[in-house]
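The sequence lines fix the lettering, A, B, ..., with proteins before strands; numbering per chain opens at 1.
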Amino acid sequence: MRWSKLFIPTLRENPAEAEVVSHQLLLRAGYIRQLSAGLYNYLFLAQRSLNKVIGIVREEMDAIGGQEMLLAALHPAEIWQESGRWDVMGQNMFRLKDRFDRDLCLGMTHEEVMTFIARGELRSYKQLPQLWYQIQTKFRDEPRPKSGLLRVRQFLMKDSYSFDMDAAGLDLAYQNHYDAYCRIFSRAGLQYLAVEAHSGAMGGSQSHEFMVASEAGEDFVAVSADGSYQANLEKAVSRPTLPLAPDPEGDRAPEKFPTPGRKTIAEVAAFTGLPETAQIKSLVMVADGKPVLVLLRGDHQLSETKLVTVLGAADVRPAHPAEIREWFGADAGSLGPVGITNMPVLADLALRGRRNMICGANEDDYHLRHVTPEEDFACAFADLRQVAAGDWCLDSDQPLEIRKTIEIGHIFKLGYKYSESMGLRVLNAEGHEVTPIMGSYGIGIERVLSAAVEQHHDKDGMMLPPSIAPFEVVVTPVNAAEPAQLSAAEAIYRRCRELGLDALLDDRDERPGVKFKDADLIGIPYRVTVGKKLPQGMVEVTERRTRQSVDVLVADAAAHVRGRIHG
RNA sequence: CGGGGCGUAGCGCAGCCUGGUAGCGCACCUGCCUUGGGCGCAGGGGGUCGUUGGUUCAAAUCCGACCGCCCCGACCA
């Protein structure tokens with residue numbers, strides 16, 4: 001294509017509203033334009049890149065036996081009511097009514113519709129397994145869209161769904177997806193992590209997320225130094241660091257002491273001269289309307305995700321100050337488990353075996369010392385703590401670090417949640433009705449592009465891998481008004497096309513600096529510069545990523561680039 | 001939804017405090033010039049100052065309401 005005929009609206013300056021790099025560059029390089037909060041128009045370049053991402057996804061999905069479909073994006077309420085998610089999804093679901101006042105929603109995921117198709121058509125075990133997928137627009141009414149294409153209200157997702165007769169079949173479909181995702185993200189040039197993940201509202205037994213380390217991300221993962229353990233912080237488990245001071249010995253009785261005005265863990269630590277690890281942190285939570293006292297080591301943080309899982313609760317929130325006053329007779333900052341009988345007490349595993357610790361006395365401005373779990377109060381133990389940097393792997397001596405990441409893919413073993421609730425049954429070999437087991441698997445298409453930009457850029461723009469760049473090579477005559485340069489450039493361009501390269505001819509009547517800056521900005525991996533060495537029959541091939549140039553013969557230029565990209 | 005910031009030409013911004021002619025850089029158009037890293041010179045076009053109500057002889061500027069966008073938090077398959 002000829003640049004002079006294309007719409008590539010590059011900007012010299014960063015738009016003020018963009019904060020994260022991928023957002024800035026996608027705007028500046030003319031890939032996208034915003035329509036509204038969390039809604040973007042994908043212009044020519046974005047569409048080309050996204051189509052390349054989609055092409056990779058499609059090849060790898062087809063390679064594991066996926067069958068591509070395209071489902072409706074507008075759904076009747078009924079199927080969501082059947083699965084129970086009409087209510088669960090809450091405000092994140094775009095809802096509307098048709099002219100007959102019937103409830104509809106815009107699809108935010110497609111378990112329900114896929115299960116609807118399956119239950120209407122699948123009758124026999126002979127038809128299983130099935131692996132169905134689509135690449136389609138999803139709609140989610142995010143509370144706070146942000147960071148360019150990273151969190152939006154409308155986006156493209158590859159979502160696939162597996163139907164199997166048994167858990168072994170699901171295991172295979174899951175593993176096939178895991179491997180396919182690795183190939184997809186590698187081909188897209190991403191350095192990624194595959195981490196153990198929490199299943200969340202999707203339900204199901206096992207889940208992995210595919211993450212790209214980036215400051216622009218919103219998820220945190222715990223990673224061991226040798227990479228043998230990788231898990232989302234919502235799910236991660238660890239051995240905590242040792243307490244900073246040994247517990248006092250002996251079988252001592254709780255003893256009240258005044259702590260005037262000291263409410264926080266840090267204040268009490270400073271006041272007593274003992275480290276935060278010597279304290280029991282008491283948090284009052286309300287799970288589905290019922291109070292529960294949660295205990296953690298002073299320096300640890302509660303994982304609400306784990307608490308929800310342990311309690312099997314639908315909703316968990318911190319107690320209000322008035323509730324705390326009513327239940328404890330004291331305010332937050334002086335709370336503790338001793339003498340508490342009006343609610344269950346749940347303690348984190350890091351408190352098991354500890355002795356003679358400090359906690360609140362349930363009397364304002366007083367704490368207790370010499371408090372020992374299970375002796376001075378009864379409690380149940382569970383893993384409730386959020387892993388912290390510096391913790392250790394459960395089963396090795398590897399230290400854990402915490403990384404900020406972008407989620408680009410997520411795979412779930414769903415189990416029977418949807419097939420059961422929506423009545424998907426087939427007959428097995430014995431003629432009995434059985435419920436197939438399902439998995440679901442997603443990739444955020446725009447996030448793959450955004451993450452690639454986050455991971456590969458410099459001060460001049462994007463450095464996209466050839467596999468997802470909008471063009472593989474740009475042929476740039478330094479002076480398009482020079483007939484010899486232009487015709488040589490055209491010949492190289494045509495040769496590139498003949499060799500199957502995605503080539504662009506920068507035939508614009510611009511100064512060379514403008515063309516170079518634009519090519520760098522939009523991140524075309526290779527540039528063939530036709531200029532001052534043409535009289536010697538030479539042109540220059542420059543790699544965007546390394547900035548390294550080599551001189552090649554005009555006749556060899558296209559083949560040279562092809563060799564660099566396709567080996 | 002709570003907190004903060006911002007809305008003036010396509011983009012980036014000044015002007016607002018202290019009311020009175022709407023400005024700068026880039027981009028754009030025309031001509032000349034130039035051609036290896038966002039050239040140079042000359043001329044030119046483009047703005048309901050987010051919307052709305054109020055105060056005033058007079059509002060981009062002061063006051064109120066609303067809308068939109070961004071950031072932090074809450075939230076988030």
Short N/O separations, protein against nucleotides 49-52 of chain B, under 3.5 angstrom:
none

Can you see whether [X] engages [Y] through a side-chain donor-acceptor pair at a distance of less than 3.5 angstrom?
X        : Y        : value
A:Glu112 : A:Tyr418 : no
A:Asp518 : A:Thr10  : yes
A:Glu111 : A:Ser440 : yes
A:Glu209 : A:Asn232 : yes
A:Gln130 : A:Gln67  : yes

If we call it a pair only when both distances are under 3.5 Å in a Watson-Crick or G-U wobble match, what pairs with [N]?
N      : result
B:rU48 : none
B:rC13 : B:rG23
B:rC6  : B:rG68
B:rU18 : none
B:rG37 : none
B:rA59 : none

Reckon [X] touches a base, only the sugar-phosphate, or nothing at all at heavy-atom distances under 4.0 Å?
X        : answer
A:Ser147 : sugar-phosphate
A:Arg527 : base
A:Pro15  : sugar-phosphate
A:Phe7   : nothing
A:Met93  : nothing
A:Gln34  : sugar-phosphate

Ion pair check, [X] and [Y], cut-off under 4.0 Å:
X        : Y        : result
A:Arg547 : A:Asp458 : yes
A:Arg119 : A:Glu82  : yes
A:Lys413 : A:Asp171 : yes
A:Lys306 : A:Asp383 : yes
A:Glu60  : A:Lys158 : no

N/O contacts under 3.5 Å, protein versus nucleotides 2-9 of chain B?
none

Notebook entry, point to check: Which class fits the ring pair A:Phe94 and A:Phe139: parallel under 30°, tilted 30 to 60°, perpendicular over 60°?
Noted result: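 Perpendicular.
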
Next item on the list: If the plane angle is over 60° it's perpendicular, under 30° parallel, otherwise tilted; pick one for A:His208 and A:Tyr178.
Entry: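 A:His208 and A:Tyr178: perpendicular rings.
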
[X] [atom1] to [N] [atom2]: how many Å, rounded?
X        : N      : atom1 : atom2 : value
A:Asn479 : B:rG36 : CG    : P     : 8 Å
A:Arg151 : B:rA74 : CZ    : P     : 13 Å
A:Arg508 : B:rG37 : CZ    : P     : 16 Å
A:Leu534 : B:rG36 : CG    : C1'   : 13 Å
A:Glu17  : B:rC69 : CD    : P     : 11 Å

For [N] versus [M], give the span between their [atom1] atoms, rounded off to a whole number of Å.
N      : M      : atom1 : value
B:rA27 : B:rC66 : C1'   : 33 Å
B:rC41 : B:rC33 : P     : 16 Å
B:rG23 : B:rA14 : C1'   : 7 Å
B:rG4  : B:rA59 : C1'   : 27 Å
B:rG68 : B:rU30 : P     : 40 Å
B:rC63 : B:rG5  : P     : 15 Å
B:rG3  : B:rG40 : P     : 48 Å
B:rA9  : B:rC29 : C1'   : 15 Å

Below 3.5 Å is the cut-off: list the nitrogen or oxygen pairs between protein and nucleotides 22-31 of chain B, distance only.
{"unit_1": "B:rG25", "atom_1": "N2", "unit_2": "A:Glu13", "atom_2": "OE1", "d": "3.1"}
{"unit_1": "B:rC26", "atom_1": "O2'", "unit_2": "A:Arg12", "atom_2": "NE", "d": "3.1"}
{"unit_1": "B:rA27", "atom_1": "OP1", "unit_2": "A:Arg12", "atom_2": "NH2", "d": "3.2"}

Item checked: 5′-ward residue of the pair A:Ser549/A:Gly148 relative to RNA chain B ->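 Its nearest nucleotide being more 5', the pick is A:Ser549.
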
Notebook entry, point to check: Between A:Thr542 and A:Arg153, who's closer to the 5' end of RNA chain B by nearest nucleotide?
Noted result: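 Final value for this comparison: A:Thr542.
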
Does the base of [N] carry an N or O that pairs as donor and acceptor with the side chain of [X] under 3.5 Å?
X        : N      : value
A:Asp518 : B:rG38 : yes
A:Arg28  : B:rG12 : no
A:Asp520 : B:rG37 : yes

Measuring to OP1 and OP2 of [N], would you say a side-chain N or O of [X] lies under 4.0 angstrom away?
X        : N      : answer
A:Lys146 : B:rC72 : yes
A:Gln485 : B:rU35 : no
A:Ser36  : B:rC69 : yes

Selected nucleotide, minimal atom distance to [X] side chain, candidates [options]:
X        : options                : result
A:Arg511 : B:rG36, B:rG38, B:rU34 : B:rU34
A:Pro143 : B:rC69, B:rU35, B:rC75 : B:rC75
A:Ala16  : B:rG37, B:rC13, B:rG36 : B:rC13
A:Asp509 : B:rG38, B:rC71, B:rU35 : B:rU35

Please identify each residue that fulfils ring pair (Phe, Tyr, Trp, His ring centres under 6.0 Å) with [X], with sequence neighbours left out.
X        : result
A:Trp86  : none
A:Phe471 : none
A:Phe44  : none

